[in-house]
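A quick write-up on the structure given underneath.
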Amino acid sequence: MDKIKFAELVAKTGIHFGGADGFYDDKEKAFVNLFIGFLKVNANVDADTQEIIRKASGQRCSVTELVNETRAIMADLPEEERKKTLESFANFIDTVISVDGQKSTEEVRDFAIWKTMLL
């Protein structure tokens, strides 16, 4: 799995779900930025964190596009590792949509679609 593409996917996913209600809250932004920084340090992502976030911020993706990109990036992972990675990804999304203290109808709906298509 390409670690830089994965970090970019995480950023795009966080931005999509954080902004699904029409407002990408400062707490949501901070969590996504922190998580990308965590990936850089702990997964040895050799890329500029701010560049990853800047690039992702300029792209609006639908849930279907995110699902398709997720499948493509994780295609070469063994089944068990892919399953664990998707479960971690689901936890990341749940935190993004919860961090501002409210889960909007749009965030919950998009998350349900994502889970149905990937889990």
Side-chain angles (χ1 to χ4, degrees):
M1 177 169 61
D2 182 320
K3 293 177 183 181
I4 294 173
K5 286 185 179 187
F6 181 73
E8 291 171 350
L9 173 63
V10 169
K12 286 191 279 189
T13 301
I15 290 166
H16 170 85
F17 282 96
D21 60 356
F23 183 67
Y24 187 38
D25 179 273
D26 286 341
K27 291 178 184 176
E28 293 162 332
K29 286 178 191 174
F31 178 74
V32 171
N33 292 354
L34 180 68
F35 197 86
I36 299 302
F38 173 83
L39 285 177
K40 180 172 177 59
V41 171
N42 292 296
N44 298 318
V45 174
D46 188 26
D48 178 21
T49 305
Q50 293 306 313
E51 178 61 20
I52 289 170
I53 293 165
R54 185 199 61 72
K55 185 176 177 182
S57 295
Q59 301 174 12
R60 285 300 291 167
C61 299
S62 69
V63 175
T64 302
E65 290 169 328
L66 292 172
V67 165
N68 290 338
E69 188 172 339
T70 301
R71 286 181 179 147
I73 288 173
M74 294 187 190
D76 63 340
L77 293 178
E79 181 62 34
E80 190 60 33
E81 188 175 347
R82 184 171 42 248
K83 182 179 177 183
K84 287 179 183 179
T85 302
L86 286 172
E87 288 171 359
S88 295
F89 219 152
N91 289 332
F92 166 75
I93 294 168
D94 189 53
T95 302
V96 169
I97 66 175
S98 301
V99 76
D100 64 355
Q102 56 188 0
K103 290 184 179 182
S104 74
T105 304
E106 297 85 1
E107 291 168 335
V108 171
R109 179 202 62 222
D110 282 2
F111 189 30
I113 293 167
W114 185 93
K115 288 189 291 188
T116 299
M117 294 177 80
L118 284 170
L119 297 180

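Computed from a predicted model, the values in this text were never measured in an experiment.
Phe92 CZ to Thr13 OG1: the interatomic distance, rounded to the nearest 0.5 Å, is 7.0 Å. We find the CG-CD1 distance between Asn33 and Ile53 to be 3.5 Å, quoted to the nearest 0.5 Å. Atom NZ in Lys84 sits 8.5 Å away from atom CD in Glu87 (nearest 0.5 Å). In this structure, the separation between CZ on Phe6 and OG1 on Thr85 is 6.0 Å, given to the nearest 0.5 Å. For the atom pair CD1 of Ile4 and CD1 of Ile73, the computed distance is 11.5 Å after rounding to the nearest 0.5 Å. One distance of note links CD1 of Ile113 with CG of Leu66; it measures 11.5 Å at 0.5 Å rounding.
Taking the salt bridge (charged side-chain N to carboxylate O under 4.0 Å, His left out) definition, one finds that Glu79 meets it with Arg82, sequence neighbours left out. Remark: Ala90 engages Phe111, Trp114, Leu119 in a side-chain contact (heavy atoms from CB on, under 4.5 Å) (not counting sequence neighbours). For Ala112, there are no side-chain contact (heavy atoms from CB on, under 4.5 Å) partners, not counting sequence neighbours.
Leu118 and Leu86 get closest at one heavy-atom pair: O-CD1, 3.6 Å. The two residues Ala7 and Leu39 make their nearest non-hydrogen contact at CA-CD1, 4.1 Å. Closest heavy-atom contact between Ile15 and Ser57: CD1-OG, 3.5 Å. What you find for Ala11 and Ile52 is that their closest heavy atoms are CB-CG2, 4.1 Å.
Phe17 pairs in a side chain to side chain contact (heavy atoms under 4.5 Å, CB included) with only one of the listed residues (Val108, Val32, Asp110), which is Asp110.
In the hydrophobic clustering of this structure, Ile97 does not group with Leu34; members are Ile, Leu, Val, Met, Phe, Trp, Tyr whose side-chain heavy atoms approach within less than 4.5 Å, directly or through other members. Residue Phe89 is grouped with residue Leu77 when hydrophobic side chains (ILVMFWY) are merged at heavy-atom distances under 4.5 angstrom, including chains of intermediate members.
With contacts defined as side-chain heavy-atom distances shorter than 4.5 Å, the pair Arg71/Met117 qualifies.
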Worked check of side chain to side chain contact (heavy atoms under 4.5 Å, CB included) between Lys3 and Asp46: CA-CA 8 Å; Lys3 293 177 183 181; Asp46 188 26; over 6 Å; no
Val96/Phe35 under side chain to side chain contact (heavy atoms under 4.5 Å, CB included): CA gap, chis, key distance, verdict: CA-CA 10 Å; Val96 169; Phe35 197 86; over 6 Å; no
Residues Ile36, Val10; criterion side chain to side chain contact (heavy atoms under 4.5 Å, CB included); working and verdict: CA-CA 7 Å; Ile36 299 302; Val10 169; 3.7 Å; yes
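Applying the salt bridge (Lys or Arg N to Asp or Glu O under 4.0 Å) rule to pairs touching residues 21-43 yields nothing, sequence neighbours excluded. Sorted by first then second residue, the salt bridge (Lys or Arg N to Asp or Glu O under 4.0 Å) pairs that include residues 94-104, not counting sequence neighbours, are Asp94-Lys103. Within the structure, salt bridge (Lys or Arg N to Asp or Glu O under 4.0 Å) contacts touching residues 50-69 (residues at least two apart or in different chains) are Glu8-Lys55, Lys12-Glu69, Glu51-Arg54.
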